[in-house]
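Ligands are counted one by one from 1 in listed order, and the atoms in each one are counted from 1 as well. Atom set for the values below is all heavy atoms of this structure, side chains included, hydrogens, waters and symmetry mates excluded.
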Amino acid sequence: MTSLTLQRPDDWHVHLRDGANLSAVVNFTASRFGRAIVMPNLNPAIVNLALARAYRERILKALAPGMGFEPLMTLYLTHNTSPEEIARAHASGFVHGVKLYPAGATTHSDAGVSDITKVYGALARMQELGMPLLVHGETTSGDIDIFDRESHFIESVLHPLIERFPTLRLVFEHITTAHAVTFVCEAREGIAATITPQHLLHNRNALFTGGIRPHYYCLPILKREHDRQALLGAATSGNPKFFLGTDSAPHERKAKENACGCAGMFTAHAAIELYAEAFESMNRLDRLEGFASHFGADFYKLPRARDTITLIKESWVAPISYNFGEGTLIPYRGGENIPWRLLAKEAL
Ligand code: DOR
Ligand code: ZN
């Protein structure tokens, strides 16, 4: 039996939702990860410190007994986010980043940023405080091909932004292209990126295998094989600018299997196991711990974990569905084999 013990990893990008949906998913994340950066795109969005504090309390309440899990909160950046609110959030000690959604880019992004110049005041304060900006990096214009939106965003928004704010710390979230990998590698210090398991394991063919596959639809959308190879190379390179962020994003089954289905893949039930699969495919399991457990903590200037998790090479079959509030949730690879298993008392 092959086994792999890692310092406990963290998930630097996850959607935990709220209410009954939160209770349905949070313990999958908490069983695997010590901490997670929690996305603020609820409806209404987490736009200030008071909302972040209340959301954090709800997350802690939804945890199963004994889960030593720490939610790391984020604020949702809008044209109305004041520099003072940024400073208050930073001083709280539990808000660790501010999320930039280009308005209209994805789920609950309508309140996001349509004119970047309107948030310059907030960004200047973040730069001063060392508070990271977490960026959904896609152009929203319908004129730009959906597969080119990340590349377009790099040129039209990111390059000018990091020049204007030369010491702003920035995480380019869930990168999906070879272009983004090159951009991050060449960028100055303080620029990092997260990578999801689905973008390491699949190219865009997964969306159309034998028919249309709504459970493989997420944003940014899966790209070409050439891009996937670049992401695998980056994740397994040992470069600390690249670290784990699942972007696990649950939606009720009916909202996915729909004439206009929502973007988001739910991977939290097998998240670290899926990264092990991807790293093993590159013969680089030795680099998983840096990517999953060290580089993100170092970037966010938080201590590395003091406990461990163990994975064993033993295949298991993920359930075909989970309860999710009033409905159900179709997990990634439900009913299919997953080659790595989490060996832990608290495994769900
Ligand atoms: O696929 C996605 N789902 N991408 C996002 O950026 C948002 C997320 C969600 O909240 O469902
Ligand atoms: Zn996300």
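- A tilted orientation is assigned to the rings of F172 and F153, their planes being inclined by 30° to 60°.
- No close placement of the F69 and F33 rings is indicated, their centers lying 6.0 Å or farther apart.
- Among the atoms of H136, no N, O or S atom is found under 2.8 Å from the Zn ion (ligand 2).
- For atom 5 (C) of ligand 1, the closest non-hydrogen atom on the protein side is T106 OG1, 3.0 Å.
- Residue Y101 has no N or O atom closer than 3.5 Å to an N or O atom of ligand 1.
- Ring to ring, F266 and F324 are not that close: their centroids are 6.0 angstrom or more apart.
- Distances between N or O atoms of N41 and those of ligand 1 include at least one value under 3.5 Å.
- Side-chain atoms of H251 and R17 form a donor-acceptor pair, as typed in the model, at a separation below 3.5 Å.
- Looking only at distances, a side-chain donor or acceptor of S281 sits under 3.5 Å from a matching main-chain atom of A278.
- Closest heavy-atom contact between A270 and W316: CB-CZ2, 3.8 Å.
- For atom 4 (N) of ligand 1, the closest heavy atom belonging to the protein is L219 O, 2.8 Å.
- The shortest N or O to N or O distance between P220 and ligand 1 is not under 3.5 Å.
- Residue H174: no N/O/S atom is found under 2.8 Å from the Zn ion (ligand 2).
- Of the residues F242, Y300, F291, F295, the one that meets the ring pair (Phe, Tyr, Trp, His ring centres under 6.0 Å) test with W12 is Y300.
- A distance of 6.0 Å or more separates the ring centres of H96 and H90.
- Close approach of ligand 1 to C218 is summarised as follows: ligand atoms under 4.0 Å from at least one heavy atom of the residue are 1 (O).
- Within D247, the N/O/S atom positioned nearest the Zn ion (ligand 2) carries the name OD1.
- Taking distance alone, with nitrogen or oxygen atoms compared against 3.5 Å, A249 stays at or beyond that limit from ligand 1.
- Nearest protein neighbour of atom 3 (N) of ligand 1, counting heavy atoms only, is A263 O, 3.0 Å.
- Interface of H136 with ligand 1, defined as ligand atoms under 4.0 Å from a residue heavy atom, comprises 6 (O).
- Ion pair R32/D11 not flagged as a salt bridge, since none of the NZ, NE, NH1 or NH2 atoms sits closer than 4.0 Å to an Asp/Glu carboxylate oxygen.
- The side chain of R17, and not its backbone, has at least one atom closer than 4.0 Å to an atom of ligand 1 (non-hydrogen atoms only; side chain from C-beta on).
- For ligand 1, the atoms closer than 4.0 angstrom to any heavy atom of H251 are 9 (C), 11 (O).
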